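Right, one structure below, let's go through it.
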Protein chains: 4
Amino acid sequence: MYTRALKDKRSKTVQRIIEAATNVFADVGYNGARVDEIAKKAGVNKATIYYHIGDKEALYAQVLHDVTEDAAERIETSVEKATTPTDKLKAYFLAIAQTVDEHPSLAPLMMREVASGGQNLPVVIAEDLVRIYAILTDIMKEGAASGEFVPAGTLPVHLLYLGPLIFHKNLEACWKTNPGVAEVFARLDEEIYRDFGQNIEARAADEILRLVLRAVETNRK
Amino acid sequence: MYTRALKDKRSKTVQRIIEAATNVFADVGYNGARVDEIAKKAGVNKATIYYHIGDKEALYAQVLHDVTEDAAERIETSVEKATTPTDKLKAYFLAIAQTVDEHPSLAPLMMREVASGGQNLPVVIAEDLVRIYAILTDIMKEGAASGEFVPAGTLPVHLLYLGPLIFHKNLEACWKTNPGVAEVFARLDEEIYRDFGQNIEARAADEILRLVLRAVETNRK
Amino acid sequence: MYTRALKDKRSKTVQRIIEAATNVFADVGYNGARVDEIAKKAGVNKATIYYHIGDKEALYAQVLHDVTEDAAERIETSVEKATTPTDKLKAYFLAIAQTVDEHPSLAPLMMREVASGGQNLPVVIAEDLVRIYAILTDIMKEGAASGEFVPAGTLPVHLLYLGPLIFHKNLEACWKTNPGVAEVFARLDEEIYRDFGQNIEARAADEILRLVLRAVETNRK
Amino acid sequence: MYTRALKDKRSKTVQRIIEAATNVFADVGYNGARVDEIAKKAGVNKATIYYHIGDKEALYAQVLHDVTEDAAERIETSVEKATTPTDKLKAYFLAIAQTVDEHPSLAPLMMREVASGGQNLPVVIAEDLVRIYAILTDIMKEGAASGEFVPAGTLPVHLLYLGPLIFHKNLEACWKTNPGVAEVFARLDEEIYRDFGQNIEARAADEILRLVLRAVETNRK
DNA sequence: GATGAATGAGGGTTCATTCAT
DNA sequence: TATGAATGAACCCTCATTCAT
């Protein structure tokens, strides 16, 4: 909406910087990221980043805000369209999954941020997260009131879906990146595939969603 | 057992180094950690670390291995004592929770490692993880065979518990560390406490366990 | 020629770095050289060296290349002007002597490089040396064919002049530098001076040239 | 003689240290040598070296002295057996060649020492060298007096043989060590071998000797 | 608006040397 | 006599940041 407009008004240079920074931060985290590399990937001089955006921390904040804001908007829109608590909950989770899918940088970014105790987390981002969190709080209250859901805290439920999802996303990267580890996990993959009788990567999000709904809903399938 | 004996045989110096390194890595991750600081916290010269253990990477491996090996042993022992699949699953999860509780560094360490795609993950650690993973595979197969569990992949179930647990552990740190973020989340906390009518921190692990069991068991309470 | 032009286009900073590096490498060799000292002597920050040139090895390569390239060009030009094999041979040797004279760093640099088995010798330099070597090969063939020279391998003849020349150049430095050694050699110097009836330093190159020509030429004087 | 006796009296430990040090210094020079590596190759603890011999510099002096002393003795013995100046000169050169052959470390050691202006050269060594040098001075005087030799300075003649010899010895190492350089020089080797019609390595010392004698003798073959 | 050049402040690692045992 | 442990002092290199142009 208005934030979108703001983003579109950004100059080509700034856009390229943000994009490059997003990728680099996602790949190697805040501490691992090099301003040099971001500048190179953006095709601009290092000093240009300082001119347009500011220091490394400001750049990081910008990158995080871009994606959390997007997530908040998408979730709000999705949930509004649903009617029953169950449908709203599904919409909430699916919107999260979609965001994570479309922003491959989000998963590692979040994990790292959480892992570091939010040291580099700007307040703007926290507000985005609160906005998202509030939506689920409403859904859970409504579901518990109607008897559709087991009474459960917002945070546990949120994490029950987000935790496995993010972990799984990052594990895929682990398997692809680290040859030594990949080799060791190879045996497991076979078993996993056999368990599901199909490709685990494609099914993982669905499977997690199924389990979380079983945990929350009173009505068993 | 024998690994414990090995650990106990370590010299005072090595013990102090490992301990300091564990804390520093947990606090700021691999990239953020400074060998200088680890040495200082251990009360030894920087070169002493290189003499006894090796470079930064070797030190990291040692730290990770110490805790994953411990976890693997604890889980194996716990699960062996249980009989039914449900009890075994509970034992499995509780042993994980205990390990995470006793090693406050484990949660951030794991998140960061996963977030970075296992870039710094030594193969020794991967083997520990495989060992753990194999235990759950057996439990899930047994439970599905006896009809006690819904058929479910090992990985989703593992992550369904570990994901929320680790996330929650780290979030506690976030709340305590970051003043800006803490303030924003303050409102949420109130609601959460009201939902449960008690201290969330104490209940979180239990609540997650309850939900995961609901997700997996056919006979839900 | 064109390489000269290239060198002249170098910025003041780069020129100062190369110059300082040349001196330091010549004084203490590759292993003994300290990047810090080179930076200090060049009057630039250490990082500036890395910005403009690269790591220590690249700097060394640049320094060596500068002088070997110069030598190759000078020798080629000199030899082209001569006609008979004997004159060409003299021109070849004199050009070498001139280069060694004008680049006081060359002698120690070469000895050290040869002494270390060419461990730090970049391929670019090797190519310069081959270029030089090829010239002598032609001269020797021509001289042997015309009957002016004894048949002799290129390498022995090259070394027959270069070896004593370089050794002598470095020995001068020994005498000047090391007080203990100088004292011991003092007696010898007296005898040497008496043998020649004049200053050895001034005559050394000439004397070596005379002997080498006697060794190679069929026609005795 | 008496020095030999001294050497034989050295304990096994000291012998092993000296031997290891000789090899290491020859391979990588004084600056490149690591006390750690010498200790390892000698199979003793690093501190043992300090206990028995002293610091790195003392160790270096010991190593150099061992070999120069040996050379001086060998040359004296050889030359004493010869009668004519020509035979004495040959004996002198051959004894040098033998020493260099039997102590593969000597060539690089000398080059490096000379290259560094004798910075690390202990006075004991200088005395050995003077002793050697004095022998040649006598031979040259006798030969010039008898008319067998062209009048020539001791130093030029000494270097005329030693220079090419040492250079050639080290170049062999260059060719074997550095793959990049070896490749470039490959073409030359072919030509050299063709020139001689046989293996250059085996003939090099002979060829150099032949040329030096041609340079010095009045009666050239 | 954009950049090439330059740098201060470390970062990880190495190494000759010492010392208690 | 011999050693494992420990260290201070560097060493090479990197990187976020600034500034003149």
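All values derive from a computational prediction rather than experimental measurement. Throughout, a chain's letter reflects where its sequence line sits, starting with A, and its residues are numbered from 1.
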Item to check | Nucleotide of E/dA16, E/dA2, E/dG12 approaching A/Tyr51 most closely (side-chain heavy atoms) | outcome: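 Looking only at heavy atoms from C-beta outward on A/Tyr51, the closest nucleotide is E/dA2.
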Checklist entry - Nearest of E/dG12, F/dC12, F/dT3 to any side-chain atom of C/Lys56? => result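 Of E/dG12, F/dC12, F/dT3, F/dC12 is nearest to the side chain of C/Lys56.
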Checklist entry - Taking atom types as they are modelled, is there a donor-acceptor pair under 3.5 Å from the base of F/dT17 to the side chain of A/Lys46? => result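 When only heavy-atom distances are counted, A/Lys46 does reach the base of F/dT17 through a donor-acceptor pair under 3.5 Å.
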Checklist entry - Between the base of E/dG8 and the side chain of C/Asn45, is there a donor-acceptor distance below 3.5 Å? => result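 Check passes, donor-acceptor contact within cut-off.
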Next on the checklist: For C/Tyr30 and C/Tyr60, take the angle between the two ring planes, folded into 0 to 90°, and tell me which bin it lands in: parallel under 30, tilted 30 to 60, perpendicular over 60.
Outcome noted: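 Judged by the thresholds at 30° and 60°, the geometry between C/Tyr30 and C/Tyr60 is perpendicular.
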Rounded off to whole Å, could you give me the [atom1]-to-[atom2] distance for the [X] and [N] pair?
X       : N      : atom1 : atom2 : answer
A/His52 : F/dT17 : NE2   : P     : 17 Å
A/Glu57 : F/dA16 : CD    : P     : 13 Å
B/Arg16 : F/dT7  : CZ    : P     : 9 Å
A/Glu37 : F/dA16 : CD    : P     : 10 Å
D/Asn31 : F/dC11 : CG    : P     : 11 Å
B/Lys40 : F/dA6  : NZ    : P     : 20 Å
B/Lys12 : F/dG4  : NZ    : C1'   : 18 Å
D/Tyr50 : E/dT18 : OH    : P     : 7 Å

Under 4.0 Å between a side-chain N/O of [X] and OP1 or OP2 of [N], yes or no?
X       : N      : value
A/Ser11 : E/dG1  : no
C/Thr13 : E/dA5  : no
B/Arg34 : E/dG10 : no
B/Thr48 : F/dA5  : no

Checklist entry - What pair of heavy atoms forms the shortest contact from C/Ile18 to C/Val63, and how long is it? => result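 That would be O-CG2, 4.0 Å.
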Item to check | Minimal non-hydrogen separation, D/Lys56 against D/Asn31, with atom names | outcome: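 Shortest heavy-atom contact: NZ-O, 4.0 Å.
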Checklist entry - Taking any strand in view, what nucleotide pairs with E/dT21 in a Watson-Crick or G-U wobble way, both distances under 3.5 Å? => result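 Pair assignment: E/dT21 / F/dA2.
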Item to check | Toward the 5' end of DNA chain E, by each residue's nearest nucleotide, B/Asp36 or C/Gly43 | outcome: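 The residue mapped nearer the 5' terminus is C/Gly43.
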Checklist entry - A/Thr68 side chain to A/Leu64 main-chain N or O, any donor-acceptor pair under 3.5 Å? => result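 Looks like yes, one N/O pair under 3.5 Å.
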Next on the checklist: Between C/Glu37 and C/Val24 (side chain of the first, backbone of the second, donor and acceptor by atom type, cut-off under 3.5 Å), is there such a pair?
Outcome noted: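 Between the backbone of C/Val24 and the side chain of C/Glu37 there is no qualifying donor-acceptor contact (under 3.5 Å).
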Next on the checklist: Both D/Ile49 and A/Gly54 contact DNA chain F. Which one's nearest nucleotide lies toward the 5' end?
Outcome noted: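 That would be D/Ile49.
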Checklist entry - Contact class for D/Ala39 (heavy atom, under 4.0 Å): base, sugar-phosphate, or nothing? => result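 Answer is nothing: D/Ala39 stays at 4.0 Å or more from every strand.
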